[in-house]
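Here's the structure, in structure tokens; my notes come after.
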Amino acid sequence: MKVLVTGGTGLVGKALQTVIKNQDEEWYFAGSKDADLTNLAATQALFAREKPTHVIHLAAMVGGLFHNMNNNLDFLRNNLLINDNVLQTAHEQGCVKVVSCLSTCIFPDKTTYPIDETMVHNGPPHPSNYGYSYAKRLIDVQNHAYHDKYGRLYTSVIPCNIFGPHDNYKPEVSHVIPGMINRMHQLITENPEVPQNEKVFTVFGSGMPLRQFIYSLDLAELMIWVLRSYDSVEPIILSVDECQEVTIFEVANAIASAFNFKGKLVCDTTKADGQHKKTASNAKLRTHLPNYLFTDFETAIKASVQWYKDNYDEARK
């Protein structure tokens, strides 16, 4: 068994490297320097060189709310190319199993909650990220098509919002947690002559939207379980429990606590909120792993902040 991880040098790829325990498997973590996966020939060359039997497909063009809002066409086209190249090449190379990573943001904007795996295609996604969402939804369609025509066991996981060490902290593309971590660190370290209790941290939006967040190391453990033990083409949601949902303002408070920030938090309501909520049910996961314990949110935030501070130069690249 040889596992090729596309997008293997990013947040989830690094988490997989941390939690892998079975040395009977051979793993190769491919990054952007290994191949441009929007290019079919480059994708084929990577597969021909590494000869994987299994694939965890993480590679994607990703970004936060504002990056998506301004670049829906790019998110659509690039992700369509990446996904088709990876899945078709995996099929041509005879890969036994492919596990692709989707996202809860692909679900319909107008829906009932909690959302579950049967509801992916029930309506248009939120207009802020429709390019990314439709491209990711089509992985599920393509998985079923390969299964129907060739019997391939190509499946997908749908995680809630992911965070942890090795996240993307670039302001123009970061998601909410790494974006806040980066901005709060800058606020604390800049202008040291200003007392910290006089500094003000701005939360973009109202702070009221609700989100479920999964620690990247937890997600990595669950994805390895899917690779080894989940034998269905149907997608499966990998999310913390519904009771672990938090507001964006609560996220900001947790990050402030991890930094021991003594200043004030205010909300800038001129900034967009995105979807108010996208509560996901992990009932299907719980039927398989009823006793899985997710890392406590505050504990995971503290670990993420500590990693950022300890690896500041790497985080800022």
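Just the heavy atoms: all of them, side chains too, but no hydrogens, waters or symmetry mates, feed the values below. In this chain, numbering begins with 1 at the start of the sequence shown.
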| message | Under the side chain to side chain donor-acceptor pair (under 3.5 Å) definition, can you give me all pairs with a residue in residues 8-18, not counting sequence neighbours? | response | none
| note | Sorted by chain and number, sequence neighbours left out, ring-ring contact (aromatic ring centres under 6.0 Å, His included) with H91 holds for Y146, Y150
| note | By ring-ring contact (aromatic ring centres under 6.0 Å, His included), F259 pairs with (sequence neighbours left out) none
| request: Please check if the distance between the ring centroids of H67 and F75 is under 6.0 Å. | output: yes
Please set out all donor-acceptor pairs under 3.5 angstrom arising from side-chain atoms of residues 179-188, sequence neighbours excluded.
from	atom 1	to	atom 2	distance (Å)
N182	OD1	Y308	OH	2.7
N182	OD1	R316	NH1	2.8
R183	NH1	T202	O	2.9
R183	NH2	T202	O	2.8

| query | In terms of hydrophobic clustering (I, L, V, M, F, W, Y; side-chain heavy atoms under 4.5 Å; direct or indirect links), are V99 and V12 co-clustered? | reply | yes
| Residues in ring-ring contact (aromatic ring centres under 6.0 Å, His included) with H276, at least two apart? | none
| query | Looking at residues at least two apart in the chain, or sitting in another chain, which of them share a ring-ring contact (aromatic ring centres under 6.0 Å, His included) with F213? | reply | F297
| task | Would you indicate whether M208, at its atom CE, is surrounded by more than 12 heavy atoms from other residues, nucleotides or ligands within a distance under 6.0 Å? | result | no
| query | Got a sec: does the NZ of K302 have more than 12 other heavy atoms crowding it under 6.0 Å? | reply | no
| field | Verify same cluster id: L285, I158 (apolar side-chain graph, 4.5 Å) | value | no
| query | Between the main-chain N or O of K2 and the side-chain N or O of T53, is there a donor-acceptor pair closer than 3.5 Å? | reply | yes
| query | Taking atom types as modelled, is there a side-chain donor on D116 or S281 under 3.5 Å from an acceptor on the other? | reply | no
| query | Y230 and W225: side-chain contact (heavy atoms from CB on, under 4.5 Å), yes or no, with the steps? | reply | CA-CA 7 Å; Y230 179 72; W225 168 78; 4.1 Å; yes
